[in-house]
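What follows is one structure encoded as structure tokens, with my remarks underneath.
Just so it is clear, the values below take in all heavy atoms, side chains as well, and ignore hydrogens, waters and symmetry mates. Letters A, B, ... mirror the listed sequences (proteins, then strands); counts begin at 1.
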Amino acid sequence: MPSGRILDASFFDRETVAVARDLLGKVLVREVDGRRLWGRLVEVEAYLGPDDLASHSAGGRRSPRNEVMYGAAGHAYVYFTYGMHHCLNVTAEVPGTAGAVLLRALEPLTGVEIMRARGDQGPEARLLSGPGKIGRAFGLTLADNGRDFTRGPLGLSAGSPVPDRKVARSPRIGITRAVDLPYRFTVIGSTSLSR
DNA sequence: CCACCGATTGCT
DNA sequence: GCAATCGGTGGT
């Protein structure tokens, strides 16, 4: 059983890349139908503001879809893509400054049967091995967009810290612009990484 | 209004 | 390698 209190706003109210690094090892908590879904973060990517051409807020773009990126830190930015996937981010930085961390992969901890009920019958370690798969297994929808991670049905708890020697930093994947920026963080050796 | 495309996934 | 599937985005 993972332990640790739910992280408070001060954890997220920092530079996005630092928040991304420190999110590794944290536990994503999801309450659905009164049941708990837990997963340990093993892969994340930072998406910054105007100068990050791969970000939804590149060039200072602002729209109903990405509005949450400009709001308070520690909130959910959920977007719908490829006509079928809901991807989950955690916002960072102070209000007015865009920044978000894409949650790309987790190791399932609790609620595996419920995750499987969404249709994926693959190996347990692969149930949350990609941003689209997290959305499906956790039942995320646009109704979750804007949710506060410090209270309510979505949260992040302390889990266990991941030492630097177990963290790899590399370019982000699945993007076509700014492909060289090293904003992807993974837990070395995890069998639940994406792709 | 229209056409193109994507922070993906799973199958050939 | 490529189809699935549809809202966002930018140009006409």
Review point. For the residue pair A:Tyr82 and A:His85, does the interplanar ring angle fall in the parallel (under 30°), tilted (30 to 60°) or perpendicular (over 60°) class?
Key: perpendicular
Hey, are A:Arg172 and A:Asp52 close enough for a salt bridge, meaning a charged N less than 4.0 Å from a carboxylate O? yes
Look at A:Asp8 together with A:Arg151 and state whether they make a salt bridge at an N to O cut-off of under 4.0 Å. no
Q.
Parallel, tilted or perpendicular, judged at 30° and 60°: which one describes the rings of A:Phe12 and A:Phe149?
A. tilted
Residues in residues 83-104 of chain A with a heavy atom under 4.0 Å of DNA chain C, by number, are A:Gly83, A:Met84
At a 4.0 Å cut-off to heavy atoms of chain A, the contacted part of DNA chain C spans C:dA4 to C:dG10
inquiry  = Students often get this wrong, so: under 4.0 angstrom with heavy atoms, is A:Ser194 touching a base, only sugar-phosphate, or nothing?
reply    = nothing
A:Asp52 atom CG is separated from B:dA7 atom C1', nearest whole Å, by 10 Å
Could you check if a side-chain atom of A:Leu102 sits within less than 4.5 angstrom of a side-chain atom of A:Pro131, using non-hydrogen atoms only? yes
For atom C1', what is the distance between B:dC5 and C:dC2, given to the nearest Å?
15 Å
Pairwise P distance, B:dC4 and C:dA3 [rounded to whole Å] = 15 Å
Any side-chain heavy-atom pair of A:Arg30 and A:Leu140 under 4.5 Å:
yes
Q | Touch class at under 4.0 angstrom, heavy-atom based, for A:Arg61 against every strand present | A | sugar-phosphate
Margin query: Quick check: do A:Glu93 and A:Glu15 have side-chain heavy atoms less than 4.5 Å from each other?
Written below: yes
When rounded to whole Å, the CD to P distance for the pair A:Gln121 and B:dG10 reads 12 Å
Which of B:dA7, B:dT8, B:dG10 is nearest the side chain of A:Tyr82? It is B:dT8
Looking across every strand, which nucleic acid part, if any, lies under 4.0 Å from A:Arg126 by heavy atom: base, sugar-phosphate, or nothing? nothing
**Prompt:** Do the side-chain N and O atoms of A:Arg36 and A:Thr110 include a donor-acceptor pair separated by under 3.5 angstrom?
**Reply:** no
